[in-house]
Peer 1: 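The structure under discussion is supplied below as structure tokens; questions concerning it will follow.
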Amino acid sequence: MTDKTADYNFTEIEKFWQKKWDDDRTFHAETSSPSPKYYILDMFPYPSGAGLHIGHPEGYTASDILARYKWANGFNVLHPMGWDAFGLPAEQYAVKTGTHPAATTSANIENFRKQIKSVGFAIDWQREINTTDPSYFKWTQWIFLQLFKMGLAYVDEKPVWWCPKLGTVLANEEVIDGKSEVGKFPVERRKLRQWVLRITAYADRLIKGLGSLDWPDSTKRLQTNWIGRSEGAEVDFEVADSWAKGQKLRVFTTRPDTLYGATYMVVAPEHPIVDKLVSDRQKDAVAAYRKEIASKSDLDRTDLAKEKTGVFTGAHAINPVNGKLIPIWVADYVLMSYGTGAIMAVPAHDDRDYEFAKRFDLPVIPVIEKKDSEGNPLPLPFCSQGTMINSEKFSGMDSGDAKRAIVKMLEDKKIGKSSVNYKLRDWLFSRQRYWGEPFPILWVSEDAYKAASKSAVWNGKLPAEPVSYKDESGKILFALPLPENQLPLKLPEIENYRPSGTGESPLARASGWLNVKINVSTGEVLESADSRACGADWVEARRETNTMPQWAGSCWYYLRYCDPSNDSAPIGAEAEAYWGYPDFYIGGAEHAVLHLLYARFWHKVLHDCGVLSGDEPFKRLFHQGIILGELEFTGYKKDGKWIGADKSSEAGAEAVKLSESEVEKSGAAYVLKCDKTVTVEARSYKMSKSRGNVVNPDDIISKYGADSLRLYEMFLGPLEDQKPWNTNGIEGVYRFLKKIWREYVGKDGNLSEKISDGVSDDPSLLKALNETVKKVTSDIETLRFNTAISQMMIFLSALQKAERVSKASAEKFIKLLAPFAPHIAEELWARLGNVSSVSKAPWPKPEESNADDEPVKMAVQVNGKLRGELTAAKSATKDEILEAAKSLKNVAAFIGGKTVVREICVPGKIVNIVVK
RNA sequence: GCUCGGGUGAUGGAAUGGUAGACAUAGCGGACUUAAAAUCCGCUGGCUUAACGGCCGUACGGGUUCGAGUCCCGUCCCGAGUACCA
């Protein structure tokens, strides 16, 4: 313990115990432990230059409470921390200042580690990891090679989001409303050679796997929608016109039951078949339309979505079910990237087709009928199920049955088949940046690739289909994986971190690193200029200049914590067998689709290639809600109407005068006790630098201590809710801690005289303590920390009122407090005479009371309205309780002169007497 | 538009269908103090009553129930996600 000061000197206490936990490695988890394991994972932070945000300690405190609670329950707990340290900010800083991103990163990590330690988390710092450490990204690269080998990584020249300002491409997920997620810069479409991961091959498994997971429903739904599986059919339509005889137009539809209602077809402007379809007469119009669309960014295309556009090709298709001729149009509301890039349009039963048909005066034929609750037919268009009409032999059928019947007919006639489509696209995996993991790939000629494929070095390391592309000079280059013994492939030192602007990363400027020779029999790599690289086996090779996106390192970090220094595998078999995967994973909901989907994908891949035994990484997931800034004044309302938007508003001048003194006095804008008809409106916003409402955890810790910060963040409200910060509110938990201190520590600094061995506690104190043990235990299990803290506050009031307390009870309470406020708990635990850490002391068990004569309070209602209250023994019979209830003065008054029709008595809860 | 989530005192929030507002903040009053801070005690949803008590009250309108903040139907408002995915 610290020196026996009489005051609650939180700064000294917290420093002392943080150092002791560090020195003693109190929270180090051994893989060889005989105890049951519990693995608690936080989403690791990006160590930004801005330092710890007030939101970080929220999730970390929650997981820390759980970790400490599990330690106290005899578990061997893995609660690690690490750094997701590749990323754009450090690189942008490098572009500006020339500082190496590694230097920025390591300084930021230092700062983050210091800040996180100052909150007093029970973290196993022996297992700290850093995604930018070569011993870590060696395995990120190794995993990429597994993906490559399995044919799940390929290159593709395709339109991608290019951000000129950032000089890089971005993933779909990183583009929000036509702007980059980072920096909010405009983006455009560009065709570039990119690495892509075949996540779509896992689409079904990624949906199915969700079923067994203990995740928030909303997150499961988000992922399911993101993958966007839809079942339907592919149908071939023959083109009727002479100039396009024999052409077939294949469409995807989820509603084959509406086939008889198809009155026209639409192909995407980019669809290659358009050239073949277009008639001479429509040639110019179609060309003009396609040009117009091509010049538009996707943002414009979406913006124009209000009014549908399109143009007739001049061609017609034959509806395969009824032989009718229907016109084929080109329109940008059909996307080339989904389905087949062509649709059959059924305006009667699709909103978009209906809108288009109305605009261009195309026929609308209803083929399904449905009536509302009053028996009136639903107006067109409606997209639900119903009874088939206008559909020849299918008329009269239920549309769901017709769907199956029509698909079967199409399959029999071989003009269609059932089919599944996904919204999910393959994962664009390369970035034109410096500060990321380099791809362990060399580009070589076809001959070199063939030679290498015969060598034992690459035996079983190459994909079934070689990955290749044609460079600007027309030469075809093949992707040859770097032999595993040459990992990690480190980044070269360069002077200029600016993107090359041509679509290549700054790595393209590191010519010594870039251009190498590789020995196709031994796999050795040397710089091009190296004189040792001579002989027939040595061939020219160029390294891949792209780097991996930031997601790569975070896709598997949870595995590395289990075995952080293993240099022969990403995770060893023993570590995997013992730790398995996180029992509990907590982090923000903003990662609901990206990180959490990518990590699941990699996990399944690693399972498939035999590295892992399990198929899903995160069995139990929880999202903490974000902490918003303090409530801010937004304006005044009078009789429900806005009378002033801000303090200076003239319209609200009178109201401002009325309330300003109150506002001044309380120092908070949202207090109103003025004119009753005037309300002050306030709301809270996300914390941001520009708004100036950022709360720095360091300031809170120096003013109130880490224990207060932890307690307050947990007391703020339910963990999963968004909630506003309120610096005033922290006074409450700070007072709570000071009160505890005063109950335990006397004025002389010794243990309070109130606490002594050998006294027996007052029954009411014992009861309060027992209730607190129960409530705190169950609330930790269910992560309801706010009510657990309330309960401890209730116990403290009981303790303050008691004249004496036994040492045993005093210790019990400290054990309950320890996960929440570990520093003060350790200090008081030590002052109570204990030598080892309170964090390892066994968790208190509630004592079940058997006393039948224990009095319980019950409410008494007459006709459902509360009329009185009574106290009865726990063992009292219903009759006894009812009699007591009826004899209550107020109850008697309400039932007097009336007939009792029913009596409800729930012992221990409530009595309700129904009278007439 | 669609899909979720949510509307409870001045504020953050409590309430397995069973005494609405626990706990805390802010406020008011009091004790201690030369004073302030700190600390302790009391009050604090609205209306009504001298008081006991009564009436109303969980966004709004209905319903189920002995009993509804909680369950069901409809409406309004706020927040999040998503968007021509055929």
Side-chain angles (χ1 to χ4, degrees), chain A residues 216-219 221-222 225-226 228-230 232 251-255 258 266 301-302 304-306 308 331-335 337-346 349-353 355-356 383 421-425 589-590 592-593 626 630-631 662 665-668 670-673 676 679-680 682-684 712 715-718 720-733 735-736 738-739 742 784 786-794 797 800 857-869 889-890 893 901-904 906 908-915:
Chain A
D217 281 340
S218 56
T219 305
R221 222 174 359 248
L222 234 48
N225 292 343
W226 189 264
R229 182 191 155 96
S230 43
V251 304
F252 172 74
T253 175
T254 55
R255 296 295 302 272
T258 62
V266 184
R301 255 172 99 157
T302 338
L304 286 173
K306 287 161 204 141
K308 293 237 176 328
D332 71 343
Y333 82 91
V334 170
L335 308 175
S337 51
Y338 184 78
T340 62
I343 61 155
M344 63 174 207
V346 184
H349 304 293
D350 183 281
D351 294 327
R352 297 150 301 177
D353 296 346
E355 198 191 315
F356 191 83
C383 309
N421 254 292
Y422 301 92
K423 278 200 262 185
L424 183 72
R425 304 291 145 76
E590 67 274 17
V593 274
I626 57 170
E630 295 218 25
L631 281 167
E662 293 288 341
K665 219 191 242 177
S666 67
Y670 53 88
V671 172
L672 57 122
K673 242 193 174 175
K676 269 176 211 155
T679 347
V680 179
R683 60 162 295 178
S684 51
Y712 182 59
F715 189 58
L716 219 43
E720 64 272 29
D721 285 6
Q722 274 196 17
K723 45 215 170 257
W725 178 266
N726 175 2
T727 300
N728 278 339
I730 203 167
E731 289 286 352
V733 294
R735 276 175 205 154
F736 171 60
K738 284 193 288 187
K739 285 182 209 167
R742 276 197 302 276
R784 298 187 318 171
N786 54 333
T787 49
I789 294 166
S790 300
Q791 183 60 41
M792 289 192 283
M793 287 172 167
I794 292 168
S797 314
Q800 283 180 301
K857 272 188 179 179
M858 291 178 66
V860 182
Q861 299 180 332
V862 177
N863 284 351
K865 290 202 177 186
L866 184 70
R867 298 301 177 192
E869 196 179 86
K889 202 175 139 200
N890 201 32
V901 273
R902 204 168 160 183
E903 288 167 337
I904 284 132
V906 185
K909 287 271 165 72
I910 202 158
V911 173
N912 189 7
I913 298 163
V914 186
V915 294

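Naming: A, B, ... by sequence-line order, numbering from 1 per chain.
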Peer 1: Tell me whether A:Asp350 contacts the main-chain N or O of A:Ala345 through its side chain, where contact means a donor paired with an acceptor under 3.5 Å.
Peer 2: no
Peer 1: According to the interplanar angle, ranging from 0 to 90°, do the rings of A:Trp725 and A:Tyr712 count as parallel (below 30°), tilted (30 to 60°) or perpendicular (above 60°)?
Peer 2: perpendicular
Peer 1: Return the nearest nucleotide to the side chain of A:Lys739; candidates are B:C40, B:C84, B:U25.
Peer 2: B:C40
Peer 1: If you write RNA chain B from 5' to 3' in dot-bracket form, with Watson-Crick or G-U pairs under 3.5 Å, [ ] for crossing pairs and | for pairs with another strand, what do you get?
Peer 2: (((((((..(((.....[....))).(((((.......))))).((((....))))..(((((..]....))))))))))))....
Peer 1: Within the structure, does a side-chain N or O atom of A:Lys865 lie under 4.0 Å from either OP1 or OP2 of B:C56?
Peer 2: yes
Peer 1: Rounding to an integer number of angstrom, what distance separates B:G30 and B:G13 when you compare their P atoms?
Peer 2: 33 Å
Peer 1: Within this structure, what is the CD-to-C1' distance between A:Glu731 and B:U25, rounded to whole angstrom?
Peer 2: 10 Å
Peer 1: Give the nucleotide from the list B:A26, B:G13, B:U82 with an atom nearest to the side chain of A:Arg735.
Peer 2: B:A26
Peer 1: Give one of base, sugar-phosphate or nothing for A:Gln800, where a contact means two heavy atoms less than 4.0 Å apart.
Peer 2: sugar-phosphate
Peer 1: Work out how far the C1' atom of B:G12 is from that of B:G7, and round it to whole angstrom.
Peer 2: 15 Å
Peer 1: Rounded to whole angstrom, note down the C1' distance from B:C56 over to B:U3.
Peer 2: 38 Å
Peer 1: Which of these nucleotides, B:A26, B:A86, B:A14, is closest to any side-chain atom of A:Asn728?
Peer 2: B:A26
Peer 1: What is the distance, rounded to the nearest whole Å, between atom CG of A:Leu716 and atom P of B:G13?
Peer 2: 7 Å
Peer 1: Taking atom C1' in both B:G69 and B:A22, compute the distance separating them and give it to the nearest angstrom.
Peer 2: 15 Å
Peer 1: Need to verify one output field. Residue with the more 5' nearest nucleotide on RNA chain B, A:Gly732 or A:Asn225?
Peer 2: A:Asn225
Peer 1: At 4.0 Å (heavy atoms only), tell me whether A:Ser337 reaches a base, stays on the sugar-phosphate, or touches nothing.
Peer 2: nothing
Peer 1: Test of understanding: with salt bridge (Lys or Arg N to Asp or Glu O under 4.0 Å), list the residues that count as partners of A:Asp353, not counting sequence neighbours.
Peer 2: none
Peer 1: Report the residues that fulfil ring pair (Phe, Tyr, Trp, His ring centres under 6.0 Å) with A:Tyr422, sequence neighbours left out, ordered by chain and then residue number.
Peer 2: none
Peer 1: Contact class for A:Arg229 vs. all strands (heavy atom < 4.0 Å): base, sugar-phosphate, or nothing?
Peer 2: nothing
Peer 1: Choosing from B:C23, B:A86, B:G13, which nucleotide comes nearest the side chain of A:Met793?
Peer 2: B:C23
Peer 1: Suppose you measure atom C1' in B:A68 against the same atom in B:A20; what distance do you get, rounded to whole Å?
Peer 2: 11 Å
Peer 1: Can you tell which of B:U25, B:U3, B:G54 lies closest to the side chain of A:Asn890?
Peer 2: B:G54
Peer 1: Should B:G9 be called syn or anti, with syn set as within 90° of 0?
Peer 2: syn
Peer 1: Specify the separation, in whole Å, of atom CZ of A:Arg221 and atom C1' of B:A83.
Peer 2: 17 Å
Peer 1: Between B:A10 and B:A26, how many Å separate the two C1' atoms, rounded to a whole number?
Peer 2: 7 Å
Peer 1: Among B:C40, B:C4, B:C84, which is the nearest nucleotide to the side chain of A:Arg742?
Peer 2: B:C40
Peer 1: Kindly say if A:Lys738 contacts the phosphate of B:U39, meaning a side-chain N or O under 4.0 Å from OP1 or OP2.
Peer 2: yes
Peer 1: Out of curiosity, A:Asn912 CG to A:Leu866 CG, how far, rounded to the nearest 0.5 Å?
Peer 2: 10.0 Å
Peer 1: Between A:Leu222 and A:Thr340, just flag the one whose closest nucleotide in RNA chain B comes earlier from the 5' side.
Peer 2: A:Leu222
Peer 1: How far does the P atom of B:C4 sit from the matching atom of B:U8, given to the nearest Å?
Peer 2: 22 Å
Peer 1: What does nucleotides 17-22 of chain B look like as a protein-contact string, B for base, S for sugar-phosphate only, - for none, at under 4.0 angstrom between heavy atoms?
Peer 2: -BB--B
Peer 1: Atom CG of A:Asn863 and atom P of B:G67: how far apart are they, to the nearest Å?
Peer 2: 8 Å
Peer 1: In whole angstrom, what separates A:Gln722's CD from B:G12's C1'?
Peer 2: 14 Å
Peer 1: Using whole Å, report how far CZ of A:Arg902 lies from C1' of B:G67.
Peer 2: 10 Å
Peer 1: Quick one: does any side-chain atom of A:Asp721 pair with a main-chain N or O of A:Lys723 as donor and acceptor, under 3.5 Å?
Peer 2: no
Peer 1: Would you call A:Ile904 and A:Gln861 a side-chain contact if the rule is heavy atoms closer than 4.5 Å?
Peer 2: no
Peer 1: Within the distance-only criterion (no hydrogens, no angle test), does the side chain of A:Asn421 pair as donor or acceptor with the backbone N or O of A:Ser230 below 3.5 angstrom?
Peer 2: no
Peer 1: Measure CD1/A:Ile789 against P/B:A14 and give the value in whole Å, please.
Peer 2: 12 Å
Peer 1: With rounding to the closest Å, how many angstrom separate the C1' atoms on B:U25 and B:U75?
Peer 2: 35 Å
Peer 1: Go through the structure and list residues passing side chain to side chain donor-acceptor pair (under 3.5 Å) with A:Thr219, not counting sequence neighbours.
Peer 2: A:His623
Peer 1: Compare the minimum distances between each of B:C55, B:C4, B:A86 and the side chain of A:Arg867, then state the nucleotide with the smallest one.
Peer 2: B:C55
Peer 1: Tell me if a side-chain donor or acceptor on A:Glu630 pairs with a main-chain N or O of A:Thr727 at a distance below 3.5 Å.
Peer 2: yes
Peer 1: Tell me which nucleotide among B:A86, B:C66, B:A26 gets nearest to the side chain of A:Thr254.
Peer 2: B:A86
Peer 1: Quick one: salt bridge (Lys or Arg N to Asp or Glu O under 4.0 Å) partners of A:Arg255, sequence neighbours excluded?
Peer 2: A:Asp257
Peer 1: If we only count heavy atoms from C-beta on, is the A:Ile626 to A:Gln722 side-chain gap below 4.5 Å?
Peer 2: yes
Peer 1: Please confirm whether any donor atom in the side chain of A:Lys889 sits under 3.5 Å from an acceptor in the base of B:C52, or the reverse.
Peer 2: no
Peer 1: B:G12 P sits how many Å from A:Lys723 NZ, rounded?
Peer 2: 13 Å
